[in-house]
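What follows is a short report on a single structure.
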Amino acid sequence: MTDSDSSQSEGVKDFVRDVIRDDLAAGRTTEVVTRFPPEPNGYLHIGHAKSICLNFGVAAEFGGRCHLRFDDTNPTKEKIEYIEAIQEDVRWLGYDWREHLHFTSDNFDTLYQYAVHLIENNKAYVDDLSADEIREYRGTLTKPGTNSPNRNRPVTENMDLFGRMKAGEFADGSHVLRAKIDMASGNINMRDPVLYRILNASHPRTGDTWSIYPTYDFAHGQSDAIEGISHSICTLEFEDHRPLYDWLIENLPVPSTPHQYEFARLNLTYSVLSKRLLMQLVTDGHVDGWDDPRMPTISGYRRRGIPAAAIRDFAQRIGVTKSDSTVEVELFDHCVRDHLNKVAPRRLGVLKPLKVVIENYPETLTEEIDAINNPEDETAGKRKVPFSRELYIERDDFMEDPPKKFFRLAPGREVRFRYAYFITCREAIKDSAGNVIELRCTYDPATRGGNSAEGRKVKGTIHWVSAEHAIDAEIHMYSHLFTRPDPGAEGDFRDDIDMASKTILSGCKLEPSLAESQVGETLQLERHGYFTMDRVSQPGHIVYNQTMALRDGWAKIQAKEKSVKK
RNA sequence: UGGGGCGUGGCCAAGUGGUUAAGGCGCCGGUUUUUGGUAUCGGUAUUCGGAGGUUCGAAUCCUCCCGCCCCAGCCA
């Protein structure tokens, strides 16, 4: 965690922190212990980041600790791959669980003993109704349920049956262990919830030792209690599980009494934030894996070059409340730009090259031009960029017949080549089809560095790259994965995928210093945006991902002109 | 007449009975600028889902109403 982060988190205020402050003040808690409890059945996304920042952040602020606990109670969906990826992501986000890496499966023996305890106290029973029958007996939202015919099975019989469930004598689905609570409760979670089910499946960590597995409800709160969690923070959909959470804590010989608090999960415009839908994008091949730079996953952001600090800043700015909300991606984008603007080294790169020949520049000369690495950070220093007679500029920086407000190059116009010279366009060379393929220009030797001694002004500054010295690169440009802010709001979310959300630019020309850049560093190509080298890069085949475009004032002016004309 | 939540500007979100309802994002306009970036200045809710009521005073308390979200997995 950086200093700017901790100073930002001062004065963070939300209802969760209010609760903790009150608990501390009233002596209900002496140590704040939280946990981030992912199920290893997929990759972490920005919604998880909100929870991670909350749980680890709160623990740090109050001098407590935060555990990383894998909620691995469903072997049919969980994989080692996810366990490893999740740890990498949490670490990359900047958080440290120290020795507190836990697994719900670490508690399987204890949980089993807890179940036995409930049976012995006549508070749980083995039911051999089918799943369908259990559903029928459960009633509906408005009609109370009815008791299972097995509800009054004698304790000894329950003990025998439960033991045999554990021993693997029964088929999947043939029996379950249920809590004996209240089939008429308005809260469906209290209508004798299932505590254990038979799953003859191999578990990523416990292998084949178990054929019964606890449900979320039976495992989560008890694991909290075992780990000494003081504040168990989860999302709103678990709100009506809280009475069950509390009931189990009260009725079991657990070592501590944790409490559950719920906050609203994150929704983001132009994104889907559900492991199920993200999984579908991956398995159907709509994206290039969980870490596709268009994915709202932590690994996707990392590959896209978004810094962890920006994600933490975002998590802090959106706040923590109980009201359902959808945050506009623009806020996320702002956090990314805000951070990168301060730290990203500036470089020159041409995405869509147009050749320029400086006619009055010596053919054999190459000059080393001083360029500032980061105008926002003096300590970043300067570098040398080679300038020569033949250069590339951006196609979009030249117009044969420019509109009034176009400040870039055009026939007869003079502009500044950043850090180098004032350049005047003398002629545009065209191919037989009428496309401009080359510009013939002249330079003013007296403007070296980019200023005219006599105070002559120029309206535009454009970037350039020396043709002879440039390195070639392929650049992947990205836009929102979805065409609408609320994918899936009308029909299948896959119909809202923007097929043009990824475009590949090849033959891009970058300044030679970029030969030394590395995967994991995000830099700014001036006037374009932020970019980062992709992990697929090879020595002869450099690939960059666009992290985020700079805000584009020119695009706004153009859009306005267009709407005025209409 | 099932249970549980939530409603403050376009989007987040402070506010916990007492001067003109914080702040951020976005948007609009100005200034600066060797990135049409950044920075900076100004504008953007006479009103807090609605209606009543209590009070000298209400976004904050009470009543009723309206809207939205979650729950009927042997998923988490």
Would you say the side chain of A/K322 lies within less than 4.5 Å of the side chain of A/E239, judging by non-hydrogen atoms? yes
Close side-chain approach of A/Y530 and A/L523, heavy atoms under 4.5 Å: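 Side chain of A/Y530 against side chain of A/L523, heavy atoms only: no contact under 4.5 Å found.
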Verify the contact: side-chain N or O of A/R527 to OP1 or OP2 of B/rU38, cut-off strictly under 4.0 Å; return yes or no. no
Between A/T73 and B/rA76, is there a contact of a side-chain N or O with OP1 or OP2 at under 4.0 Å? yes
Classified by glycosidic angle (syn within 90° of 0, else anti), B/rG43 comes out anti
Protein-nucleotide distance ([X], atom [atom1]; [N], atom [atom2]), rounded to Å:
X: A/F15; N: B/rC6; atom1: CZ; atom2: C1'; value: 12 Å
X: A/N189; N: B/rC71; atom1: CG; atom2: P; value: 10 Å
X: A/H220; N: B/rG73; atom1: NE2; atom2: P; value: 21 Å
X: A/F238; N: B/rA76; atom1: CZ; atom2: C1'; value: 5 Å
X: A/Q524; N: B/rG36; atom1: CD; atom2: P; value: 10 Å
X: A/E237; N: B/rC68; atom1: CD; atom2: P; value: 20 Å
X: A/E526; N: B/rG37; atom1: CD; atom2: P; value: 13 Å

Nearest-nucleotide pick for [X], side chain only, options being [options]:
X: A/L550; options: B/rC69, B/rG37, B/rA72; value: B/rG37
X: A/I188; options: B/rA13, B/rC71, B/rG73; value: B/rC71
X: A/N341; options: B/rG37, B/rC6, B/rA76; value: B/rG37
X: A/N187; options: B/rA72, B/rG3, B/rG36; value: B/rG3
X: A/D552; options: B/rG73, B/rC74, B/rG36; value: B/rG36
X: A/E239; options: B/rA76, B/rG5, B/rA72; value: B/rG5
X: A/T321; options: B/rG36, B/rA76, B/rA14; value: B/rA14
X: A/K13; options: B/rA76, B/rU16, B/rA13; value: B/rU16

Could you tell me which nucleotide pairs with [N] by Watson-Crick or G-U wobble geometry, both distances under 3.5 Å, or answer none if nothing does?
N: B/rA51; result: B/rU63
N: B/rG2; result: B/rC71
N: B/rC27; result: B/rG43
N: B/rU16; result: none
N: B/rA22; result: none

Assign a letter to each nucleotide of nucleotides 23-28 of chain B from its 5' end: B, base within under 4.0 Å of a protein heavy atom; S, sugar-phosphate only; -, no contact. -SBSSS
Rounding to the closest angstrom, what is the interatomic distance between B/rU8 and B/rC68 at atom P? 15 Å
B/rC28 versus B/rC70 - spacing of their C1' atoms, nearest Å: 39 Å
Which residue, A/T326 or A/N374, contacts RNA chain B at a nucleotide closer to its 5' end, judged by nearest heavy atom?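 Its nearest nucleotide being more 5', the pick is A/T326.
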Of A/S185 and A/A555, whose nearest nucleotide on RNA chain B comes first from the 5' end?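 In this pair, the answer is A/S185.
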Look at A/D552 together with A/K556 and state whether they make a salt bridge at an N to O cut-off of under 4.0 Å.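 Result for this pair is no, no salt bridge flagged.
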Can you tell me how far the CD1 atom of A/I298 sits from the CH2 atom of A/W290, to the nearest 0.5 Å?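 Spacing of CD1 (A/I298) from CH2 (A/W290) equals 12.0 Å.
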Distance in Å, A/Q546 CD paired with A/T532 OG1, rounded so as to fall on 0.5 Å steps: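 Between atom CD of A/Q546 and atom OG1 of A/T532 there are 12.0 Å.
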Please evaluate the base of B/rG3 for a donor-acceptor partner in the side chain of A/D240 within a cut-off of under 3.5 Å? yes
Kindly confirm whether the side-chain ring of A/Y216 is stacked on the base of B/rA76, judged by centres under 5.5 Å and planes under 30°. no
Close approaches to RNA chain B from residues 376-386 of chain A, in residue order (heavy atom, under 4.0 Å): A/E376
Answer yes or no: are there more than 12 heavy-atom neighbours, outside A/E368 itself, under 6.0 Å from its atom CD?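 Yes.
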